[in-house]
Amino acid sequence: MIRIKKQHWLIYGSLILASIVVLYPFFFMIINSFKTGAEIMHTPNALPTDWSFRGYIEVFNSINLGRIFLNTIFIATSVTVLNCLFSSMVAFAIVKTNMPGREFWLKLILSSMMIPAILFTIPVYMMMYDWNWVNTYRVLIIPGSISAYNIFLLVQFMKQIDNAYLEAARIDGASEFRIFFKVVLPMLRPALATVGILTFMGAWNDFMGPLLYIRDDSMLTLQMALFKFQSDVPGGKLEQLWAMTTMIAVPVVFVFFFLQKNFIKAFTGVGVK
């Protein structure tokens, strides 16, 4: 019994230590967002001597933060919904239908992951420019509406769904679209939560896309707004930088917090009922 307790203490101690290591950067970010620029430079690891909201106030006074948040939420949500839908449809077609050349298409999709995305920057930009998509929301949403990695991830979960459920629906006369939306998607809920979290975080933190394509200040995203507070002067605008960084990070933490059960469940198998 004593030996078991010692093992428990070792496990709990390791978990507490790991939690401190993981949470410290978040704590570091928050405490610095309530300091002045001089205090951030001289005592970045200490608690604020005088809690200041100057950084947050200047952020709200400098930019149209409400519009920027709405832009980012709209883009990130649109990319997430479309990516979950299209990636799961492709995975369904590859795994659960009699589509000709299924293995070939899967290998082709996976092989695209081996090519660095940076190589496509100039061709894609030229294509977006020719289509008059530059400085529009389409250029940030449509290219991100499907992902080879998400297809690969959903294919693995799709394989765990028993074909008996699909065959029963086909015998009852259900179409493939009805089977997909009524039978498959509910069973993929944990996997879709995982894909949704990863996609939302990627779209929320996207910097290169807005940097390349967005010209109008009314269409700025949070990452570009954060970039505006960069300064060549040592210590300049540090309050705004840390305040803005905190406001960018907090929503993502809340999204993960509310969906973490499905995120964990996705790696323990797809439940079918």
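This structure is a prediction, so every number in the text was calculated from the model and none was measured. Atoms considered below: every heavy atom in the structure, side chains included; atoms not considered: hydrogens, waters and symmetry mates. Each residue takes its place number in the sequence, starting with 1.
Aromatic rings from Phe120 and Tyr125 are positioned such that their centres are separated by 6.0 Å or more. Centroid-to-centroid, the aromatic rings of Tyr56 and Trp242 stay 6.0 Å apart or farther.
Listed for the Arg215 side chain is a donor-acceptor partner under 3.5 Å among the backbone atoms of Leu212. Of the possible donor and acceptor atoms, none in the side chain of Thr136 sits under 3.5 Å from a partner among the backbone N and O of Asn132. No donor-acceptor pair closer than 3.5 Å links the side chain of Asn135 to the backbone N or O of Ile214. Remark: side-chain polar atoms of Lys159 are not paired, donor with acceptor, to backbone N or O of Leu154 under 3.5 angstrom. Between the side chain of Asp172 and the main chain of Ala174, no donor-acceptor pair closer than 3.5 Å is present. A distance-only check finds no donor-acceptor pair linking the side chain of Asn205 to the backbone of Gln223 [under 3.5 Å].
Note that OG of Ser218 and CG of Asn64 are 9.0 Å apart. Values are rounded to the nearest 0.5 Å. Atom CD1 of Ile109 is separated from atom CZ of Phe152 by 12.0 Å, given to the nearest 0.5 angstrom. How far CG of Leu241 is from CG of Leu226: 6.0 Å, rounded to the nearest 0.5 Å. Note that the CG atom of Leu192 and the CE atom of Met187 stand 13.0 Å from one another [nearest 0.5 Å]. In this structure, OG1 in Thr72 is found 11.0 Å from CE in Met219, a value given to the nearest 0.5 Å. Taking CG from Asp130 and CE from Met128, the interatomic distance works out to 9.5 Å, rounded to the nearest 0.5 Å.
Following chains of ILVMFWY side-chain contacts shorter than 4.5 Å, one cannot reach Ile122 starting from Val124, and the two form parts of different hydrophobic clusters. Linking ILVMFWY residues whenever their side-chain heavy atoms come closer than 4.5 Å, directly or via other members, places Val90 and Met113 in the same cluster. The same ILVMFWY cluster, assembled from side-chain heavy atoms under 4.5 Å apart, contains both Leu119 and Leu110. Under the 4.5 Å side-chain heavy-atom criterion for Ile, Leu, Val, Met, Phe, Trp and Tyr, Val139 and Phe74 are members of the same hydrophobic cluster. At a threshold of 4.5 Å between side-chain heavy atoms, the hydrophobic network of Ile, Leu, Val, Met, Phe, Trp and Tyr places Ile151 and Met114 in two separate groups.
Annotation: side chain of Asn45 is not in contact with side chain of Ile31 (no heavy-atom distance under 4.5 Å). Within the 4.5 Å cutoff, the side chain of Phe177 has heavy atoms near those of the Met89 side chain. In this structure, Ile63 and Met244 have side chains that are in contact, with non-hydrogen atoms separated by less than 4.5 Å. Between Tyr149 and Leu198 there is a side-chain heavy-atom pair separated by less than 4.5 Å. Put simply, the side chain of Met247 reaches to within 4.5 Å of the side chain of Leu65, judged on heavy atoms. The closest side-chain heavy-atom distance from Phe34 to Ser52 is not below 4.5 Å. The side-chain heavy atoms of Phe27 and Ile30, taken from C-beta on, include no pair separated by under 4.5 Å. At a threshold of 4.5 Å between non-hydrogen side-chain atoms, the residues Trp204 and Ile75 do not count as touching.
Within 6.0 Å of CZ in Phe28 there are more than 12 heavy atoms belonging to other residues, nucleotides or ligands. Surrounding CZ of Phe60 are at most 12 heavy atoms belonging to other residues, nucleotides or ligands under 6.0 Å away. For Tyr129, the OH atom sits in a loose shell: 12 or fewer heavy atoms of surrounding residues, nucleotides or ligands are nearer than 6.0 Å. Residue-environment remark: CH2 (Trp133) exceeds the threshold of 12 foreign heavy atoms within 6.0 Å. Annotation for Phe181: atom CZ counts as buried by contact number, over 12 foreign heavy atoms lying within 6.0 Å. Within a 6.0 Å radius of CE in Met201, other residues, nucleotides and ligands contribute 12 heavy atoms or fewer. Within 6.0 Å of the CZ atom in Arg178, the count of heavy atoms belonging to other residues, nucleotides or ligands does not exceed 12.
No salt bridge links Lys107 with Glu103; every basic N to acidic carboxylate O contact stays at or beyond 4.0 Å. Between Lys96 and Glu176 no salt bridge is recorded (no basic side-chain N to carboxylate O distance below 4.0 Å).
If you run side-chain contact (heavy atoms from CB on, under 4.5 Å) between Ser87 and each of Ile146, Val155, Thr199, only Ile146 comes through.
With 3.5 Å as the limit, one finds no donor-acceptor pair spanning the side chains of Thr221 and Asp206. Glu239 and Thr36 share no donor-acceptor pair across their side chains, judged by distance under 3.5 Å alone.
Taking both residues in full, the closest heavy atoms of Ala203 and Ala76 are given as CB-CA, 3.7 Å, listed atom of the first, atom of the second, then distance. Residues Asn32 and Ile40 approach most closely at O-CD1, 3.3 Å, considering heavy atoms. Residues Ser88 and Cys84 share a closest heavy-atom pair of OG-O, 2.6 Å. Residues Val95 and Met158 share a closest heavy-atom pair of CB-CG, 3.8 Å. Contact detail for Ile179 and Arg170: the closest heavy-atom pair is CD1-CG, 3.3 Å. For the residue pair Met224 and Pro210, the shortest heavy atom distance occurs at CG-CB, 3.4 Å.
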Under the criterion side-chain contact (heavy atoms from CB on, under 4.5 Å), I'd like the reasoning laid out for Phe200 against Val79: C-alpha separation, chi angles, the key distance, then a yes or no. CA-CA 7 Å; Phe200 185 86; Val79 170; over 6 Å; no
Evaluate the side-chain contact (heavy atoms from CB on, under 4.5 Å) criterion for residues Val252 and Ile197: first the C-alpha distance (whole Å), next the side-chain angles of each, then the deciding distance (0.1 Å), finally the verdict. CA-CA 9 Å; Val252 178; Ile197 291 173; over 6 Å; no
Could you go through the side-chain contact (heavy atoms from CB on, under 4.5 Å) check for Leu166 and Phe92 one step at a time? CA-CA 11 Å; Leu166 280 66; Phe92 173 74; 3.9 Å; yes
Quick one: do Thr245 and Ile248 satisfy side-chain contact (heavy atoms from CB on, under 4.5 Å)? Show the steps, please. CA-CA 5 Å; Thr245 302; Ile248 292 174; 5.8 Å; no
